[in-house]
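Naming convention: chains lettered A, B, ... in sequence-line order (proteins, then strands); numbering from 1 in each chain.
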Amino acid sequence: MPKITLPDGSARNYDAATSGAEIAASIGKSLARDAVAVRINGELRDLTRVIDDDASVEILTRDSDDGLELLRHDAAHVLAEAVKELWPDTQVTIGPAIENGFYYDFSREEPFTESDLEAIEARMKDIVDRDEAIEREVWERDKAAEFFRGIGEEYKAEIIEGIPSDEDLTLYRQGDFIDLCRGPHLPSTGKLGKAFKLTHVSGAYWRGDSNNEMLQRIYGTAWSNEKQLRKYLNMLEEAEKRDHRRLGRVMDLFHFQEEAPGAVFWHPKGWNLFQSLINFMREQQNAAGYQEINTPEIMSRALWESSGHWNTFGDNMFTTETVDGRQYAIKPMNCPGHVQVFKQGITSYRDLPVRLAEFGKCHRYEPSGALHGMMRVRAFTQDDAHIFCTPEQITDESIAVCDLILGIYRSFGFDDIRIKFADRPEARVGEDAVWDQAEAALIKALEAAGLEYTHNPGEGAFYGPKLEFVLRDAIGRDWQCGTLQVDLNMPGRLGASYIGEDGNKHLPVMLHRAIFGSLERFMGILIEHHAGNLPLWLAPVQVKVLTITSEADEYADEVAAELRARGIRAETDLRNEKISYKVREHSVAKVPVQFAVGQRELENRTVAMRRLGSKKQQVMPLDEAIENLLSEVESRA
RNA sequence: GCCCACAUAGCUCAGGGGCAGAGCACUUCCUUGGUAAGGAAGAGGUCCCCGGUUCAAAUCCGGGUGUGGGCUCCA
C-alpha cells in the first residue's frame with residue numbers, strides 16, 4: 001500500500017503498486033497528457049516505472065526543464081531509429097540532449113547530405129505517428145555486449161565494455177529499434193510531438209578525441225510545442241541579421257581577405273571604434289592604478305623556451321628566422337615581455353603592487369578550422385595587464401580586478417555576467433603545493449567580493465588557475481571575454497624578484513588579467529549585442545547632416561563643422577538625392593543621429609533631428625541639439 | 001588539423017560543356033525634393049588558383065587556397 005507524497009505536501013494512498021502514469025491520471029486528464037517522466041524520491045524515472053513502496057513523487061511535464069531535456073533525448077533516439085530504418089548498415093553511437101536540441105553521432109562510409117536530412121525528418125515524423133511504446137529492459141552486461149556485436153553495433157559494444165560489471169544495463173526498445181541507454185524515456189514515441197527540426201550535419205570525433213574515427217553527427221532542435229520551436233527559429237534568424245561579419249560590411253568597419261587569413265583589415269570607421277574602445281579602457285585602468293607600457297612583438301626563441309610557451313604552444317606560434325640564422329617568435333602573448341620590464345632595476349616590497357598594462361598585438365597560428373570572423377583570429381590585440389604583488393596582496397588585487405571588469409562590462413550594456421573558476425589542468429608546470437596556494441587565493445578573493453561562480457575543473461592555464469568572465473548578450477548567447485589568473489610559476493621561470501622587508505629576494509606573484517580579452521572579438525560581440533545600433537558614444541559616425549535641397553549645402557557644411565568643433569564625429573551628405581533616400585541609406589548603415597537641413601532650417605538655424613530606429617524627427621536650434629548630444633555622449637548612455 | 005558544404009560584377013545571388021546574367025551599389029544626365037529606395041543611360045568579369053579530360057571547361061574530374069557549419073584546440 002504505497003503512500004505517495006506529492007510536491008505540494010499532499011499525500012495519497014494506493015491499494016497496490018502504482019506508477020507515475022497512474023498517479024498523473026488520478027490527478028487529472030491534462031496532467032496525464034502532458035506528463036513525460038516522474039521523479040521518485042529525487043530520481044528521474046520512466047513514467048511506467050513501478051512504485052511499490054512509500055515515495056515522494058513529482059510528475060514532470062513536457063514544459064519543465066527536465067521534461068524538455070527528456071524530450072530532446074527522445075528526439076535523438078527517434079532520429080537514430082529513423083536513420084537505422086533508412087540505412088540499416090549505419091552504426092549508431094551516442095545521442096544526447098544539448099542546449100536547444102539534440103544530436104546523434106553515426107558511423108557510416110557515406111556522409112549525410114542536406115536532402116538526407118529532409119528524408120530523415122519525414123521518417124522521424126512517421127515514427128511519432130506510429131506512437132511506438134518505449135520499453136525499458138534490464139540486461140546482463142556480457143549478453144548485451146554480445147547482442148550489439150551480433151547486430152554489427154561495435155561502438156555500442158565498446159561502450160558496454162566500459163561500464164562497471166556490477167552495474168545493471170538498461171536497453172530501451174521502441175518498435176524494431178533497440179538502444180543502450182540509461183534513460184529515462186517518454187512512454188511512447190507519440191509523446192515527442194513534432195516541434196523538432198533537423199538543422200545541420202557535421203563531423204565529430206568518436207569520444208571527442210581527435211585521434212579517433214570521425215563520425216557523422218546530425219544536429220536538431222526540439223521543443224515542447226510548435227510555438228517554442230518557431231520562437232527558436234526566429235532567434236536564429238535574428239542572430240544571422242546581427243552577424244558581425246555582415247554588419248561589419250554594411251557599416252563599413254573592416255574586411256578580411258585571403259592573403260591574411262584570420263587578420264583584420266580595419267577601415268576608417270572600424271578603426272575609429274577600435275580606438276574608442278582603447279581610449280575608454282585606458283581611462284578606466286589608469287584610474288585604477290595601472291601603468292601602460294609597450295613591449296616588442298618579435299623576441300628571441302630562447303625567451304619563449306624559458307617561459308615554457310615554446311614547449312607547450314610552439315606549434316601555434318608564428319616564427320621567423322633571419323638571414324644569419326637567428327630564431328625569433330612573434331609574440332603570442334605579452335606576459336614574458338612584461339616580466340622583462342618588471343625585472344629592470346631592483347623592486348622593493350614597498351613598490352608593490354606594480355600593475356603593467358599593454359594593448360599588445362599578438363599573433364597565434366590558430367588551426368585553420370578554428371577561425372571565425374573576428375571571434376577567433378590569428379592576429380589580435382589584447383588589453384593585457386600583469387599585476388606583480390606579494391602573496392598577501394592577491395586577495396585585494398583580485399577583488400579590485402573583479403570590480404573593474406564588472407564595471408566596464410556594465411558600461412557597454414552587458415549586465416548578465418557569469419564567473420567560472422577554472423583549476424589545474426593535467427598538463428601544467430609547477431608544484432602541487434604552489435597550485436593549492438594559487439587556487440585557494442583566487443577562491444578567497446571571489447568569496448571576499450561576494451561573487452557567485454561556477455566550477456570549471458581542469459580548465460586552468462598551464463601556469464595557474466583562472467577566473468573566466470562570461471557575458472550574456474541581448475539574444476542570450478554567452479561569450480567568454482575577461483580573465484584573471486593567479487600565476488606563481490612564471491615569475492620564477494623568468495627570474496623576477498623583489499626585495500622583501502627582511503632584505504632578501506622574494507618571488508612576486510603575477511596576476512594576469514584581460515578585460516576585453518581580444519579587442520577584435522569584443523568588438524564583434526559588441527556589434528552583435530547591439531545589432532549594430534551602437535550607443536552614441538561609440539558610434540564611429542555620430543551625426544550625419546543631410547541636405548534636403550542643394551540650397552542648404554553651405555549651411556550643412558557649417559553644421560558639420562560646428563559639430564566637429566564641439567567634439568562630435570559628423571559627416572555631411574550633400575548628394576543630389578531625395579531626403580528619404582538619404583535617410584534610408586544612413587539608417588541601414590546604423591548612423592545613430594541624422595540632421596536633415598533644408599530651406600526652413602537654414603533660415604532659422606535649426607536642425608531636424610532624427611534618431612536611428614525612430615520614425616519621428618524633432619526640429620530644434622542647432623545649439624540645443626549639440627548640447628543634448630554632448631550630454632548623452634558624456635553619460636555613455 | 002579533421003568531416004561536410006560553398007567560392008560567378010563592389011554586395012546579394014541566378015545560370016551552367018559552345019556570346020557572362022539579374023537586382024542593389026557605382027558613373028553620367030534629367031530631377032531640388034520634407035524623412036527608410038524618383039527616372040533614364042552607361043561602365044563594370046582571370047566565373048578563387050593550378051593541373052587534367054575534351055574540338056571546346058566558368059560548367060566535368062583531381063589538387064591547392066579561402067570562407068561557412070561543426071569536431072579537436074584556444075597560453
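Within the nucleic acid shown, A:Gly460 has no heavy atom closer than 4.0 Å to any nucleic acid atom. Note on A:Ala596: a base of the nucleic acid sits closer than 4.0 angstrom, heavy atoms only. Among the atoms of the strands shown, only primed sugar atoms or phosphate atoms (P, OP1, OP2) are found under 4.0 Å from some heavy atom of A:His200. A:Lys331 comes within contact range of no nucleotide atom at all, as no heavy-atom separation falls under 4.0 Å. Among the protein residues, A:Tyr103 comes within range of no part of the nucleic acid, since none of its heavy atoms lies under 4.0 Å from any strand. Residue A:Gly208 is classed as a sugar-phosphate contact, given heavy-atom separations below 4.0 Å to backbone atoms only. No engagement by A:Arg611 is indicated, since no non-hydrogen atom pair under 4.0 Å with the nucleic acid exists. Using a 4.0 Å heavy-atom criterion, one finds that A:Asp209 contacts no nucleic acid atom at all. Looking at heavy-atom distances under 4.0 Å, A:His372 makes contact with sugar-phosphate atoms alone, never a base.
No side-chain donor-acceptor contact under 3.5 Å links A:Glu528 to the backbone of A:Ile525.
Contact check on A:Arg493 versus A:Asp487 returns no salt bridge, with no Lys/Arg side-chain nitrogen under 4.0 Å from an Asp/Glu carboxylate oxygen. Looking at A:Arg575 and A:Glu585, a side-chain N of the basic residue comes within less than 4.0 Å of a carboxylate O on the acidic one, giving a salt bridge. With respect to the salt-bridge test (charged N to carboxylate O, under 4.0 angstrom), the residues A:Asp105 and A:Arg217 qualify. Using a 4.0 Å cut-off between charged side-chain N and carboxylate O, A:Lys420 and A:Glu459 make no salt bridge.
Counted within 6.0 Å of CD on A:Glu110, heavy atoms from surrounding residues, nucleotides or ligands total 12 or fewer; the atom is thus considered open. Dense packing is recorded around NZ of A:Lys343, with more than 12 heavy atoms of other residues, nucleotides or ligands lying under 6.0 Å away.
Across all strands shown, the partner of B:rU27 is B:rA41, judged by Watson-Crick or G-U wobble contacts whose two distances both fall under 3.5 Å. Nucleotide B:rC74 forms no Watson-Crick or G-U wobble pair with any nucleotide shown, as no partner meets the under 3.5 Å limit on both distances. Using N1 to N3 plus N6-O4 or O6-N4 for Watson-Crick, or N1-O2 and O6-N3 for G-U wobble, each under 3.5 Å, B:rA14 pairs with nothing. Under the Watson-Crick or G-U wobble criterion, with both distances below 3.5 Å, B:rG33 has no partner in any strand shown. Under the Watson-Crick or G-U wobble criterion, with both distances below 3.5 Å, B:rC6 is paired with B:rG66.
For A:Lys582 and B:rA37, the shortest distance from a side-chain N or O to OP1 or OP2 is not below 4.0 Å. One finds a side-chain N or O of A:Arg245 lying less than 4.0 angstrom from the OP1 or OP2 phosphate oxygen of B:rG68.
What separates CG of A:Asp553 from C1' of B:rG33 is a distance of 13 Å, to the nearest Å. Counting to the nearest Å, the P atom of B:rA75 and the CG atom of A:Asp384 are 13 Å from each other. When rounded to the nearest whole Å, the span between CD of A:Glu366 and C1' of B:rU67 equals 17 Å. A:Leu546 places its CG atom 12 Å from the P atom of B:rA36, with the value rounded to the nearest Å.
Taking the salt bridge (Lys or Arg N to Asp or Glu O under 4.0 Å) definition, one finds that A:Glu624 meets it with nothing, sequence neighbours left out. Residues forming a side chain to side chain donor-acceptor pair (under 3.5 Å) with A:Gln599 (at least two apart in sequence, or on another chain): A:Glu603. For A:Tyr219, the ring pair (Phe, Tyr, Trp, His ring centres under 6.0 Å) partners at least two apart in sequence or on another chain are A:Tyr103, A:His200.
Within residues 598-609 of chain A, the residues having any heavy atom under 4.0 Å from RNA chain B are, by residue number, A:Gly598, A:Gln599, A:Arg600, A:Glu601, A:Ala608. Within residues 515-536 of chain A, no residue is approached by RNA chain B to less than 4.0 Å at the level of any non-hydrogen atom. Contacts between residues 114-122 of chain A and RNA chain B, counted as heavy-atom distances below 4.0 Å, involve no residue at all.
Here the separation of B:rG10 from B:rA25, taken at their P atoms, is 16 Å to the nearest Å. Between B:rC11 and B:rU46, the two P atoms lie 13 Å apart (nearest whole Å).
Applying the 90° criterion around 0 to the glycosidic angle, B:rC48 comes out anti.
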Could you write out each protein N or O paired with an N or O of nucleotides 1-4 of chain B at a distance under 3.5 Å?
{"unit_1": "B:rG1", "atom_1": "OP2", "unit_2": "A:Ser368", "atom_2": "OG", "d": "2.6"}
{"unit_1": "B:rG1", "atom_1": "N7", "unit_2": "A:Gly369", "atom_2": "N", "d": "3.3"}
{"unit_1": "B:rG1", "atom_1": "N2", "unit_2": "A:Tyr205", "atom_2": "OH", "d": "2.4"}
{"unit_1": "B:rC2", "atom_1": "O4'", "unit_2": "A:Tyr205", "atom_2": "OH", "d": "3.3"}
{"unit_1": "B:rC3", "atom_1": "O2", "unit_2": "A:Gly203", "atom_2": "N", "d": "3.2"}

Polar atom pairs between nucleotides 7-15 of chain B and protein, under 3.5 Å, N or O only, would you list them?
{"unit_1": "B:rC11", "atom_1": "O3'", "unit_2": "A:Arg249", "atom_2": "NE", "d": "3.4"}
{"unit_1": "B:rU12", "atom_1": "OP1", "unit_2": "A:Arg249", "atom_2": "NH2", "d": "2.9"}

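For residues 609-620 of chain A, the pairs satisfying side-chain hydrogen bond (donor to acceptor under 3.5 Å, both in side chains) are A:Arg611-A:Glu632, with sequence neighbours left out. Among residue pairs with one or both ends in residues 360-369 of chain A, those qualifying as side-chain hydrogen bond (donor to acceptor under 3.5 Å, both in side chains) are A:Glu366-A:Arg376; sequence neighbours excluded.
Ring planes of A:Phe254 and A:Trp266: perpendicular class, angle over 60° (limits at 30 and 60°).
In terms of polar N and O atoms assigned as donor or acceptor, the side chain of A:Arg376 comes within less than 3.5 Å of the base of B:rC73 in a complementary pairing.
With respect to A:Leu253, the side chain to side chain contact (heavy atoms under 4.5 Å, CB included) criterion is satisfied by exactly one of A:Asn272, A:Ile527, A:Leu247: A:Ile527.
The residue among A:Arg575 and A:Arg610 whose nearest nucleotide of RNA chain B lies closer to the 5′ end is A:Arg575.
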Throw together a table of side-chain donor-acceptor distances under 3.5 angstrom for residues 464-473 of chain A, partners on residues two or more places apart or in other chains.
{"unit_1": "A:Glu468", "atom_1": "OE1", "unit_2": "A:Asn456", "atom_2": "ND2", "d": "3.2"}
{"unit_1": "A:Arg472", "atom_1": "NE", "unit_2": "A:Asp478", "atom_2": "OD1", "d": "2.7"}
{"unit_1": "A:Arg472", "atom_1": "NH2", "unit_2": "A:Asp478", "atom_2": "OD1", "d": "3.3"}
{"unit_1": "A:Arg472", "atom_1": "NH2", "unit_2": "A:Asp478", "atom_2": "OD2", "d": "2.9"}
{"unit_1": "A:Asp473", "atom_1": "OD1", "unit_2": "A:Ile475", "atom_2": "N", "d": "3.0"}
{"unit_1": "A:Asp473", "atom_1": "OD1", "unit_2": "A:Gly476", "atom_2": "N", "d": "3.1"}
{"unit_1": "A:Asp473", "atom_1": "OD1", "unit_2": "A:Arg477", "atom_2": "N", "d": "2.9"}
{"unit_1": "A:Asp473", "atom_1": "OD2", "unit_2": "A:Arg477", "atom_2": "NE", "d": "3.0"}
{"unit_1": "A:Asp473", "atom_1": "OD2", "unit_2": "A:Arg477", "atom_2": "NH2", "d": "2.9"}
{"unit_1": "A:Asp473", "atom_1": "OD2", "unit_2": "A:Trp479", "atom_2": "NE1", "d": "3.1"}

Atom pairs and distances, side-chain donor-acceptor, residues 381-388 of chain A, under 3.5 Å, sequence neighbours left out:
{"unit_1": "A:Thr381", "atom_1": "OG1", "unit_2": "A:Glu520", "atom_2": "OE2", "d": "3.1"}
{"unit_1": "A:Gln382", "atom_1": "OE1", "unit_2": "A:Asn334", "atom_2": "ND2", "d": "3.0"}
{"unit_1": "A:Asp383", "atom_1": "OD1", "unit_2": "A:Ile515", "atom_2": "N", "d": "3.4"}
{"unit_1": "A:Asp383", "atom_1": "OD1", "unit_2": "A:Phe516", "atom_2": "N", "d": "3.1"}
{"unit_1": "A:Asp383", "atom_1": "OD1", "unit_2": "A:Gly517", "atom_2": "N", "d": "2.9"}
{"unit_1": "A:Asp383", "atom_1": "OD2", "unit_2": "A:Ile515", "atom_2": "N", "d": "2.9"}
{"unit_1": "A:Asp383", "atom_1": "OD2", "unit_2": "A:Phe516", "atom_2": "N", "d": "2.8"}
{"unit_1": "A:Asp384", "atom_1": "OD2", "unit_2": "A:Asn334", "atom_2": "ND2", "d": "2.9"}
{"unit_1": "A:His386", "atom_1": "ND1", "unit_2": "A:His338", "atom_2": "ND1", "d": "2.8"}
{"unit_1": "A:His386", "atom_1": "NE2", "unit_2": "A:His512", "atom_2": "ND1", "d": "3.1"}

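The side-chain ring of A:Tyr581 is not stacked on the base of B:rA37, judged by centre separation under 5.5 angstrom and plane angle under 30 degrees.
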